[in-house]
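What follows is a short report on a single structure.
Every heavy atom of this structure was used, including side-chain atoms; hydrogens, water molecules and symmetry mates were not.
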Amino acid sequence: MAETTGTWESYVDQAALSDIGLRRSNNQDSFTVVMAGSGDAWARRGHLFMVADGMGAHAAGELASKMACDTVPLTYEKEIERTEPPPLALRKAIEDANNRIHSRGQANLDFRGMGTTASVLLLLPQGALIAHVGDSRVYRLRGDRFEQLSFDHSLVWEMMAAGKFREDQVPGYIPKNIITRSLGPSPHVEVDLEGPWPLVPGDTFLLCSDGLSGQVSDEEMGAVLTAFSPNEAARVLIDLANLRGGPDNISVIVAKVKGTPQGTPVNWTVPAKTTRPAVHPAVWVILGVCGLATLLSLLARHYGATLVMGLVTLVAGIATFVRGRGASGRRLDNLRFGRGPYNPRTVLVNNELVDKLAKFVGQLRDAAMEAQYEVNWSHFNHLDSRALAAAERKDYLTAVREYGYAMSFMMSEIRGQRKKKPDIPD
C-alpha cells in the first residue's frame with residue numbers, strides 16, 4: 001500500500017494495492033506510481049499511475065507485467081526530456097515496452113508468446129490523459145457519476161463497437177475474457193489514447209485489473225469510492241473481490257484529486273519530425289539550378305527567359321519557406337483523443353444498495369460459520385449492528401462504510417484459513 005505526502009504530491013491522495021487472489025499460485029499483476037515531486041515536474045510530465053495484468057505460462061506473465069511497469073515510466077521520462085509532448089511520449093513508452101517484452105519472449109522458449117495488458121493514467125495540468133492496451137480499466141468518479149475512461153480491447157467490446165449487439169444483449173456463449181490486444185506477443189502494438197479531461201477537485205480515478213472488474217460491478221465500485229478514502233477503498237474493493245471467490249489476481253490504484261496546483265502548464269507541441277517531413281535535398285538542388293539559370297539568362301540578355309525562370313525560382317522559394325515554417329510543429333493543447341467516456345453510471349448510495357450489502361454480509365456470516373472459520377464474532381456482529389443502525393436512521397453512506405468494514409474484517413479473519421472455502425454468493 002502506498003500513499004502520498006509532500007507539497008506537489010499532496011494535491012492527489014492515492015493508494016495502490018495488489019493481491020494474489022484465492023485461486024492463483026502467483027501474482028501476474030504489476031503496478032507502478034510515479035508522483036511529480038515539484039512544480040516543474042508536474043507541469044512537464046504530471047503524475048503517472050499504471051496497472052498491468054500479465055499472461056503466459058510459468059513466470060512469463062509475471063515477467064511481462066513487471067517489464068511493462070519498469071519500462072513505461074523510464075521511457076516516458078526520457079521522451080519528455082527530449083521535449084516530446086506527454087501524449088506522444090506516453091505512446092512511445094508503451095510501444096517501447098512492447099518491443100522489449102516481445103524481444104525477451106523471442107529469446108527464451110519458456111517466455112515465448114508472453115504478454116500483458118497496460119493501462120496508464122497521467123494527471124497533468126491539462127487534465128487526465130490515459131493510454132491503454134488490453135482490458136485493464138481506468139474509471140473516473142465525479143460527484144455521483146461513475147464512468148469508464150478506457151475502452152476494453154476485448155472480443156465482447158469490439159463486437160459491441162461494431163454494432164453486433166448492446167451490452168445487455170451479449171450472448172452467454174461469447175467468452176468475456178478474450179482480449180484482442182496486449183503487449184508482447186507481436187512486434188507491433190496499437191496504443192489507444194483517451195482524453196485529456198480537465199481535472200476538478202474531488203475527481204476520483206480507479207485503475208484496476210480484471211480481477212476486480214470481473215467480480216465487482218461498476219455500481220458497487222462507484223459506491224465504495226464514494227464512501228471511503230482511497231486507502232480504505234483499495235482494501236475494501238480487493239476484499240470484496242476475494243469474498244466473491246477471488247478467481248484472479250486483483251490490482252487496484254485509487255487516486256483522488258484534492259486540488260489543482262497553480263502554475264503555467266507546458267504547451268504540447270508536436271516536434272517537426274512528427275508532423276511534416278523535412279524539405280527533400282532535391283528541392284534545394286532544383287532551387288539552385290533555377291536561380292543559376294535565371295542569372296545566366298539575365299547575363300545573356302534573354303529577358304523573356306529571365307522572367308520565366310525568375311518566377312519559377314520565386315514560387316519554389318516561397319513553397320520551400322512555407323514548408324519549412326510548417327515543419328516547426330503544431331499545438332496539441334486543444335486536441336482530444338479517443339471517444340470516451342464509456343458506460344456512465346449514476347452512483348446511488350440508497351436503501352436498495354444498503355439492503356444488497358446487508359444480504360451479502362448475512363450470507364457471508366452463514367458461509368463462514370458453515371466452513372467453521374475462527375472469527376471474532378463479537379467484533380463482526382458489532383460492525384453489522386452499527387451498519388443496521390445507520391440504515392434505520394437513513395444514513396446510508398455510513399451504513400455502506402460499516403458494511404465495508406465488516407466485509408474487510410471477515411476477509412482478514414479468514415486469510416490463512418482457506419483449506420475450507422465458503423461458497424460466497426455473488
Side-chain angles (χ1 to χ4, degrees), residues 1 3 13-17 19 21-22 139 141 143-146 202 204 206 208 212 215-246 250 252 254-256 258 345-418 420-426:
M1 183 76 67
E3 286 189 283
D13 183 14
Q14 63 90 10
L17 187 63
D19 190 89
L22 300 182
Y139 293 93
L141 173 69
D144 63 355
R145 186 178 177 87
F146 188 66
T204 303
L206 169 67
C208 66
L212 177 70
Q215 303 301 314
V216 182
S217 69
D218 287 4
E219 290 81 2
E220 291 170 328
M221 286 189 277
V224 169
L225 294 180
T226 300
F228 294 95
S229 69
N231 188 42
E232 292 177 326
R235 169 53 63 189
V236 170
L237 287 171
I238 283 184
D239 287 339
L240 183 54
N242 274 325
L243 290 170
R244 293 269 172 81
I250 313 154
V252 173
V254 181
K256 184 173 184 178
K258 297 192 294 184
R345 302 280 198 276
T346 299
V347 178
L348 299 175
V349 182
N350 55 15
N351 185 57
E352 182 179 348
L353 173 64
V354 170
D355 286 346
K356 180 180 179 180
L357 292 177
K359 181 180 179 181
F360 179 75
V361 169
Q363 293 170 334
L364 179 60
R365 177 195 288 107
D366 295 341
M369 293 180 68
E370 182 180 349
Q372 298 181 353
Y373 282 117
E374 296 179 4
V375 176
N376 183 341
W377 290 110
S378 176
H379 185 65
F380 178 82
N381 291 332
H382 174 68
L383 294 172
D384 188 24
S385 297
R386 287 168 60 94
L388 180 60
E392 289 178 346
R393 63 176 184 269
K394 298 184 178 181
D395 184 358
Y396 300 127
L397 194 62
T398 298
V400 169
R401 288 197 191 100
E402 296 296 341
Y403 279 130
Y405 293 144
M407 289 185 290
S408 287
F409 176 74
M410 178 63 77
M411 192 67 231
S412 68
E413 292 286 276
I414 66 176
R415 286 182 185 276
Q417 303 181 53
R418 299 197 308 228
K420 299 179 180 179
K421 296 185 180 68
D423 185 15
I424 305 301
D426 293 340

Practice item. Quick one: closest heavy-atom pair of Pro230 and Lys256, and the distance? Key: CG-CB, 3.9 Å
Point to revise | Ion pair Lys356/Glu220, N-O distance below 4.0 Å | key: yes
Check your understanding: Any side-chain heavy-atom pair from Leu206 and Leu225 closer than 4.5 angstrom?
Key -> yes
Exercise for review: Take Val254 and Phe228 through the test side-chain contact (heavy atoms from CB on, under 4.5 Å) and record every step on the way to the result.
Suggested key: CA-CA 11 Å; Val254 181; Phe228 294 95; over 6 Å; no
Check your understanding: Hey, does the side chain of Glu413 reach the backbone of Asn376 with a donor-acceptor pair shorter than 3.5 angstrom?
Key -> yes
**Study point:** Residue pair Glu219 / Val347, side-chain heavy-atom distance below 4.5 Å
**Key:** no
Check your understanding: Taking the side chain from Arg386 and the backbone from Glu402, do they hold a donor-acceptor pair closer than 3.5 Å?
Key -> no
Point to revise | CG-CD distance between Asn351 and Glu392, expressed to the nearest 0.5 angstrom | key: 11.0 Å
**Study point:** Under 3.5 Å: donor-acceptor pair, side chain of Arg145, backbone of Thr346
**Key:** no
Practice item. Locate the shortest heavy-atom distance separating Val349 from Tyr396; write the atom from each residue and the value. Key: O-CB, 3.6 Å
Check your understanding: Does the pair Thr204 and Tyr139 meet the rule for a side-chain contact (heavy atoms from CB on, under 4.5 Å), with working shown?
Key -> CA-CA 8 Å; Thr204 303; Tyr139 293 93; over 6 Å; no
Exercise for review: State whether the side chain of Asn381 and the backbone N or O of Trp377 hold a donor-acceptor pair below 3.5 Å, judged by distance alone.
Suggested key: yes
Review point. Would Val252 and Asp19 count as a side-chain contact (heavy atoms from CB on, under 4.5 Å) if you check the C-alpha gap in whole Å, the side-chain angles of each, and the deciding distance to 0.1 Å?
Key: CA-CA 9 Å; Val252 173; Asp19 190 89; over 6 Å; no
Point to revise | Main-chain N/O of Tyr405 paired with Ser408 side-chain donor or acceptor, under 3.5 Å | key: no
**Study point:** For Ala399 against Ala391, the heavy-atom pair lying closest together
**Key:** CB-N, 4.0 Å
Practice item. Taking the side chain as every heavy atom from C-beta outward, state whether Tyr403 and Asp384 have any pair of such atoms under 4.5 Å apart. Key: yes
Practice item. With side-chain contact (heavy atoms from CB on, under 4.5 Å) as the test, would you mind laying out the steps for Arg415 and Met411 before giving the verdict? Key: CA-CA 6 Å; Arg415 286 182 185 276; Met411 192 67 231; 4.0 Å; yes
Review point. Is the charged tip of Arg365 near the ring of Phe360: under 6.0 Å from the six-membered ring centre and within 45° of its axis?
Key: no
Revision key, fill the gap. Of all heavy-atom pairs linking Leu212 and Ala241, the shortest is CD1-CB, 4.2 Å
Exercise for review: First locate atom CZ of Arg401, then atom OG1 of Thr226, and finally report the distance between them rounded to the nearest 0.5 Å.
Suggested key: 10.0 Å
Review point. SG/Cys208 to CE/Met221 distance, rounded to the nearest 0.5 angstrom?
Key: 5.5 Å
Exercise for review: Quick one: pull up CG in Leu17 and CG in Leu237 and give me the separation to the nearest 0.5 Å.
Suggested key: 10.0 Å
Check your understanding: Do Asp355 and Lys359 sit within salt-bridge range, that is, some charged N less than 4.0 Å from a carboxylate O?
Key -> no
Exercise for review: Measure the shortest side-chain to side-chain distance between Asp366 and Glu370 over non-hydrogen atoms and say whether it is less than 4.5 angstrom.
Suggested key: no
Review point. Could you state the interatomic distance from CG (Leu357) to CG (Leu240), rounded to the nearest 0.5 Å?
Key: 8.0 Å
**Study point:** Over 12 non-hydrogen atoms of neighbours within 6.0 angstrom of NZ in Lys258
**Key:** yes
Study note, to complete from the structure: For Asn242 and Leu22, the nearest pair of non-hydrogen atoms, with its separation, is O-CD1, 3.2 Å
Point to revise | Atom pair CZ (Arg393) and OG1 (Thr398), whose distance is rounded to the nearest 0.5 Å | key: 6.0 Å
**Study point:** Main-chain N/O of Leu353 paired to Asn350 side chain as donor or acceptor, under 3.5 Å
**Key:** yes
